[in-house]
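Report on the structure given below.
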Amino acid sequence: QVQLVESGGGLVQAGDSLRLSCAASGRTFNDYIMGWYRQAPRNGREFVAGISRGGSDTTYADSVKGRFTISRDNAKNTVYLQINSLKVEDTAIYYCVADRNTVVRRTPNYWGQGTQVTVSS
């Protein structure tokens, strides 16, 4: 079991940058594939980014590739999402996720509470 707590969301303007953080409790953080999902207003939750246990492999949704960067610091039990060139359509609640096997091919087993990102023009 892992507990996930997101932070770093807020109100920003289009073109700005933002870094989201996800703090995980427990001593088995490096056993989990980590990732981020988001849910825009009136939309379902969609995959954003994933990162392997050691941090060497990453994958991104086409809509964010080139602007978003996922990373992790296993010594700090923390995963990050660096967001550059924010667009209004990036407005959503962003969720940190964890799973022992995959965060892409099926719904991850563990979810944080979410952090709101609102982008204005």
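- Across all non-hydrogen atoms, the minimal contact from Ser121 to Ala14 is CA-CB, 4.5 Å.
- Here the closest non-hydrogen pair linking Arg45 and Trp111 is NH1-CE3, 3.3 Å.
- The hydrophobic clustering, which links ILVMFWY residues whose side-chain heavy atoms are closer than 4.5 Å, places Val119 and Trp36 together.
- Taking the ring centre of Tyr80 as origin, the terminal cationic atom of Arg19 falls inside the region bounded by 6.0 Å and 45° from the ring axis.
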Candidate pair Val79 and Cys96, rule side chain to side chain contact (heavy atoms under 4.5 Å, CB included), full reasoning:
CA-CA 8 Å; Val79 62; Cys96 181; 3.6 Å; yes
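- Residues Met34 and Ile93 fall into different hydrophobic clusters, defined by Ile, Leu, Val, Met, Phe, Trp and Tyr side chains chained together at heavy-atom separations under 4.5 Å.
- Judged by distance alone, the side chains of Ser17 and Asn84 do bring a donor and an acceptor atom under 3.5 Å apart.
- At most 12 non-hydrogen atoms from other residues, nucleotides or ligands lie less than 6.0 angstrom from CZ of Arg105.
- Screening Asn109, Ile33, Val48 against Val103 for a side chain to side chain contact (heavy atoms under 4.5 Å, CB included) leaves a single residue, Ile33.
- Relative ring orientation between Tyr32 and Tyr110 is described as perpendicular, the plane-to-plane angle rising above 60° on a 0-90° scale split at 30° and 60°.
- Of all non-hydrogen atoms in Ser52 and Arg72, the two that sit nearest each other are O-NH1, 2.8 Å.
- In this structure, Ile70 is a member of the same hydrophobic cluster as Val2, with clusters built from ILVMFWY side-chain heavy atoms closer than 4.5 Å.
- Between the side chains of Gln39 and Glu46, no donor-acceptor pair of N or O atoms lies under 3.5 Å.
- With hydrogens and angles left out, the side-chain atoms of Arg38 and Tyr94 include a donor and acceptor closer than 3.5 Å.
- Side-chain atoms of Ser63 do not come within 3.5 Å of backbone N or O of Ala61 as any donor-acceptor pair.
- Looking only at distances, no side-chain donor or acceptor of Tyr37 sits under 3.5 Å from a matching main-chain atom of Thr107.
- With hydrophobic clusters built from ILVMFWY side chains whose heavy atoms lie under 4.5 angstrom apart, Leu20 shares a cluster with Tyr60.
- The two residues Asp99 and Thr102 make their nearest non-hydrogen contact at CB-O, 3.1 Å.
- In terms of heavy-atom proximity, Leu81 sits nearest to Ala49 at CD1-CB, 4.3 Å.
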Is there a side chain to side chain contact (heavy atoms under 4.5 Å, CB included) between Asp90 and Val117? Walk through the geometry before answering.
CA-CA 8 Å; Asp90 293 323; Val117 173; 5.5 Å; no
Working for side chain to side chain contact (heavy atoms under 4.5 Å, CB included), residues Thr118 and Val12
CA-CA 6 Å; Thr118 302; Val12 295; over 6 Å; no
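- Taken to the nearest 0.5 Å, the OG1 atom of Thr91 stands 7.5 Å off from the CD atom of Gln116.
- With values rounded to the nearest 0.5 angstrom, Thr58 atom OG1 is found 9.0 Å from Lys65 atom NZ.
- Closest of all the heavy-atom pairs between Arg67 and Leu86 is NH1-CA, 4.0 Å.
- The closest donor-acceptor contact from the side chain of Glu6 to the backbone of Gly114 lies under 3.5 Å.
- With rounding to the nearest 0.5 Å, the separation of CD1 in Ile51 from OG1 in Thr69 is 10.0 Å.
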Given Gln82 and Leu18, is the side chain to side chain contact (heavy atoms under 4.5 Å, CB included) satisfied, shown in steps?
CA-CA 6 Å; Gln82 177 68 42; Leu18 197 62; over 6 Å; no
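- Linking ILVMFWY side-chain heavy atoms closer than 4.5 Å, directly or via other members, places Phe47 and Leu4 in two distinct hydrophobic clusters.
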